[in-house]
There are 2 protein chains.
Amino acid sequence: MNISAASKAAGLPVKTVRYYADIGLVQAPSRSDAGYRTYDDASVRKLVFIRRSREFGFTIEECREPLGLYQDQDRTSAEVKRIASKRLEEIEEKQRELQSLHDELAHLVTTCRGDHMPDCPIIDYLG
Amino acid sequence: MNISAASKAAGLPVKTVRYYADIGLVQAPSRSDAGYRTYDDASVRKLVFIRRSREFGFTIEECREPLGLYQDQDRTSAEVKRIASKRLEEIEEKQRELQSLHDELAHLVTTCRGDHMPDCPIIDYLG
DNA sequence: CCTAATCCCTCCAGTAACTAGAAGGTTAAG
DNA sequence: CTTAACCTTCTAGTTACTGGAGGGATTAGG
């Protein structure tokens, strides 16, 4: 798989895929004879994992920890479990926050009459 | 309310609160005699709205649109509704993505035995 | 009233994580 | 065999903060 196919599959720009290998977040991919980067499904799954983590506010450094664990032959199952559980709690907190952002906007949508008048009940709240 | 109280209430660093007024994302706050910025509850609610939007990957420019609407005296209710509905769909897509990230890590946690052995079923998937 | 701690201010420089563009080599379709 | 769509490296720019210097204002204790 060339870089553009991997980038499409992962949902990341080509430039970003290169960048992640440059900074050592993922392993440097192998190269074709012409020097083209070649990717496999496991690499793509890692990129998807990073993309989703990044989209929800985890930093690059915070992505390194779980990714490092997956690759570390000496880690114990207990260590993997501890770090993943901590991350899971952070994600659940994000889910609650996202839900309240959702509810706030849903309220705006349902209270607006959607007509041509400029008044809208939400203005009293946010204006 | 001084800037540090507003910053605590909004869940944003003081520097970031100043920055948002500097770039015109929120209105420049009024000042005390000594030149201190003073904030009210409506300003704090706007800052919370921005914080949550930013945490979930909306850019500063994408925050301007709904915030602008709230303040625009000439907008129609239909326009408010259209933009808020579009944003709501984006948020629902983010909720689905966050759920996938959650499930992926939850799988990691439940399949790990949590003992001192270094093997873990998730490695086959991501390693 | 004085002093120390804790605010607050502005300004400038630095960082994280990309992202755009130039210059040029490679591959696949017609 | 050309030409369009790939790919490469490199450097420089952007977004959204973030840290620190230097200095004024406010508050709590003695």
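In what follows, chains are A, B, ... by sequence order, proteins preceding strands, each numbered from 1. Below, all heavy atoms of this structure are taken into account, side chains as well, without hydrogens, waters or symmetry copies. Quick caveat, the model's predicted, so the values are computed rather than measured.
Nucleic acid contact class of A:S4 (heavy atoms, under 4.0 Å, all strands): sugar-phosphate only. Using a 4.0 Å heavy-atom criterion, one finds that A:I3 contacts the sugar-phosphate atoms exclusively. Heavy atoms of A:R37 sit under 4.0 angstrom from primed sugar atoms or phosphate atoms, though from no base atom. If you check every strand for non-hydrogen atoms under 4.0 Å, A:T59 touches sugar and phosphate atoms only.
When the side-chain nitrogen and oxygen atoms of B:R31 are compared with OP1 and OP2 of D:dA25, none of them lie within a distance under 4.0 Å.
Cation-pi geometry between A:R87 and A:F58 is satisfied (NZ or CZ under 6.0 Å from the ring centre, within 45° of the ring normal).
A:T38 and A:S30 share a side-chain donor-acceptor pair at under 3.5 Å. The closest side-chain donor-acceptor pair between B:D103 and B:S100, if any, does not fall under 3.5 angstrom.
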## Note on the structure
Whether each nucleotide of nucleotides 18-26 of chain C has a protein heavy atom under 4.0 Å at its base (B), only at its sugar-phosphate (S) or at neither (-) is summarised, 5' to 3', as BSBB---BB
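Within the 4.5 Å cutoff, no side-chain heavy atoms of A:P13 are placed close to those of A:Y19.
Contact detail for B:L101 and A:S53: the closest heavy-atom pair is CD1-OG, 3.9 Å.
At least one donor-acceptor pair closer than 3.5 Å links the side chain of B:K94 to the backbone N or O of B:F56.
With the end axes of the helix from C:dC1-D:dG30 to C:dG30-D:dC1 each set by five pairs, the angle from one to the other reads 30° at 10° resolution.
A:L98 and A:L88 fall within the same hydrophobic cluster, defined by Ile, Leu, Val, Met, Phe, Trp and Tyr side-chain heavy atoms under 4.5 Å apart, directly or through other members. Follow the hydrophobic side-chain contacts under 4.5 Å out from B:Y36 and you never reach B:L47; the two are in separate clusters.
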